[in-house]
Each structure stands twice: as C-alpha cells, then as structure tokens.
Amino acid sequence: MAHISSTTAIPETRNVPRHLAIIMDGNGRWAKRRLLPRVAGHRRGVESVREITRACIKRGIEYLTLFAFSSENWRRPADEVSVLRQLFLAALEQEVEKIHANGIRLKVIGDLTPFGERIMDLIANGEALTANNRRLTLTIAANYGGRWDLIQAIGKMVRDNPGQLGQFTEEQLSPHLAMNYAPEPDLFIRTGGEQRISNFLLWQLAYTELYFTPTLWPDFDAAALDSAIVWYHERERRFGRTSEQLAEAERIPEALQDGAHKLP
Ligand code: IPE
Ligand code: IPE
Ligand code: MG
C-alpha cells in the first residue's frame, strides 16, 4: 500500500489531521438526561454525524472514520440493536445520494453479513457510486472490531503467501486490513467521557493522538471538533524520536532528512 506505516517510517504531519477517527459515544446518556428512550439519543446522534462530516470537509480533513456499531454491541437489548439497524438502513437509503453530491467517498468496514442482504446491497451500491470521489473519505465502522480485522487480515495474508511459515512483515499484513485504503489516523476522538478504545482500530492507532472529551456525541458540534483540532495541533508527534531531534529536523531542509535515521 502507498500509505506510510508509522512503525516502519516517519509519516508526514500537518496542522490539521489528515485522518480523524471517532468513537461516537454517549447517545444513551444524552437521551437519559432528557428522560427520553436511549434510541432518541441515537437518532440525535445522526445529526452530529452530518454536522461533523460537513465540518471535516471545511477543515480539509481527508478521511473521517466513525465507529457506529461495534462487534460487541450485539450484546445490547434486541430492540435497541433493531433500532440501530433501522437507523443504519435509513441512512443508507436517504443519505447516499447526498454523500455523492458532496464529493464524498463512502466506505463501510466490518463484518457486514449479519446486517442482511438489503443493507449489504445498499453498501455495495453506495461504495461503487462514490468510489471516485476524493473530497472526503467517510468510513463507517459497522459490526467492526479491531480483533476481527486483525484475524481476517492474518487469514488473508497466510493464504496470500502459501508455504511461508512465520516471519511475516507489516507490509504483508497491512494490505489485508479493512482500511487498507487510508493512512493511519492522526487524531482519535472519543466522546462520552470513557477513556478506552473498545476494540476499535487496534492496529492503526499505534501512533495516533488520543483525545477524550466528556461531551456526549449528540452535543458534539463543529466548535467541539475545533477544540480537539487545537489540542491536536499542540501535540508533538515524535514517533519514537526526541524533542531535540524534531527541532533539528525543522532546521534541516527536507531533502536532507531522508537518510537522517541512518546517522549514528
Ligand atoms: C454510542 O452511544 C452509540 C453506539 C454504541 C451505537 P451509546 O449508546 O453507547 O451511549 P451511552 O454510552 O450508553 O451513553
Ligand atoms: C463503542 O461504544 C462503540 C461505538 C461507539 C460504536 P460502546 O458504548 O459500545 O463502548 P463500551 O461498551 O462502553 O466500551
Ligand atoms: Mg456507550
């Protein structure tokens, strides 16, 4: 894959994240505080998805990845799972045209089989329709789990390299990960106050800056996104190096930096 792995090379960094990944948490609590059923929070959460998608385009973010349903969320009450499925279906039916009109490429990652044929067809059609759009790549993680992703990628890697026993490389694995088309996330946001990854992108978050906010997802708006971007901007992304090396690198013209890691 053309994208640089943060552990095999030092990626280029920018003031605005190129890839933003979000765990959209806190819908249930948002609803509970208003004495509404949990699903009212999920409905309101769809509004935040629209607002944040628009805001990402305006800010020049190229990849937005949203955790919509985890492989563990099947453990929820059947009626809540059913409403989440309906919301996903409705969004696919109603939003794909708008997504396309806005120059957005749609991608869905996760084990989609349990959602059924109707949803799988809509996803396949939506992805095909928007495949050449490049203004923003919007990835929805649905029935996604980081461990599922690693296991399925390892299976494909082993099948791809028959006869090879052990000693696989990152380069052999990463093309089989579900998000092989995107660079690793620069910024991760989790709303809702919890400070955990909940089996989201385990491989890709290796060097991602992690931002946790108590703001509940339905309340997360463009201004809240800007606060996260400001925080991101203040981080020093060292990728294993020292602060002094980074200061030095800023003074040396880029052309000379390529071999820097080979110096004693
Ligand atoms: C996130 O909000 C949405 C999904 C997991 C689908 P939650 O439903 O987890 O909201 P809280 O954490 O219960 O408030
Ligand atoms: C993570 O939220 C998954 C999504 C937002 C889709 P959860 O609310 O399911 O996470 P846990 O269970 O609190 O870790
Ligand atoms: Mg939650």
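Start at 1 and go down the list; that is how both ligands and their atoms are numbered. Note that the structure is a prediction, hence the values are computed from the model and not measured.
- Atom CZ of Arg14 sits in a crowded spot, with more than 12 heavy atoms from other residues, nucleotides or ligands closer than 6.0 Å.
- Taking the six-membered ring wherever Trp is involved, the centroid distance between the rings of Phe69 and Phe88 does not fall below 6.0 Å.
- Atoms of ligand 2 lying under 4.0 Å from at least one heavy atom of Ile23, given by number and element, are 1 (C), 5 (C).
- With a 4.0 Å cut-off on non-hydrogen atoms, Phe200 does not touch ligand 2 at all.
- With a 4.0 Å heavy-atom cut-off, ligand 1 is reached by the side chain of Asn73 but not by its N, CA, C or O.
- Using a cutoff of 4.0 Å between basic side-chain nitrogens and carboxylate oxygens, Arg190 and Asp25 are scored as salt-bridged.
- Scanning His42, Glu72, Arg38 for the heavy atom closest to atom 13 (O) of ligand 1 points to Arg38.
- With a cut-off of 2.8 Å, the Mg ion (ligand 3) has an N, O or S atom of Asp25 in range.
- In this structure, Arg34 is positioned above the aromatic face of Trp30, its NZ or CZ under 6.0 Å from the six-membered ring centre and within 45° of the axis.
- The shell of residues lying under 4.0 angstrom from ligand 1, judged by heavy atoms, excludes Gly192.
- For atom 10 (O) of ligand 2, the nearest non-hydrogen atom of the protein is Arg190 NH2, 3.2 Å.
- Shortest contact from atom 6 (C) of ligand 1 to any protein heavy atom: Ala68 O, 3.3 Å.
- Checked options Leu150, Asp149, Thr7; the residue passing with Trp203 is Leu150 (criterion: side-chain contact (heavy atoms from CB on, under 4.5 Å)).
- Considering backbone and side-chain atoms alike, Trp30 places every N or O at 3.5 Å or more from each N or O of ligand 1.
- Ranking the protein heavy atoms by distance from atom 14 (O) of ligand 2 puts Ser198 OG, 2.6 Å first.
- The residue Arg29 has no part lying near ligand 2, judged by heavy-atom distances below 4.0 Å.
- In terms of protein heavy-atom proximity, atom 1 (C) of ligand 1 is closest to Met24 O, 3.0 Å.
- A side-chain donor-acceptor contact under 3.5 Å links Trp217 to the backbone of Gly45.
- Atom 7 (P) of ligand 1 has as its closest protein heavy atom Asp25 OD1, 3.5 Å.
- Using cut-offs of 30° and 60° on the angle between ring planes, the pair Tyr63 and His3 is perpendicular.
- Which of Arg76, Arg196, Glu194 comes nearest to atom 11 (P) of ligand 2 through a heavy atom is settled by distance: it is Arg196.
- In the displayed structure, Glu117 atom CD is contacted under 6.0 Å by at most 12 heavy atoms of other residues, nucleotides or ligands.
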Under the side-chain contact (heavy atoms from CB on, under 4.5 Å) rule, what do Ile154 and Leu173 come out as? Steps first, then yes or no, please.
-> CA-CA 6 Å; Ile154 291 166; Leu173 179 73; 3.7 Å; yes
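- Annotation for ligand 2: atoms under 4.0 Å from non-hydrogen atoms of Phe69 are 6 (C).
- The existence of a salt bridge linking Arg44 and Asp219 is excluded, since no basic side-chain nitrogen approaches an acidic carboxylate oxygen closer than 4.0 Å.
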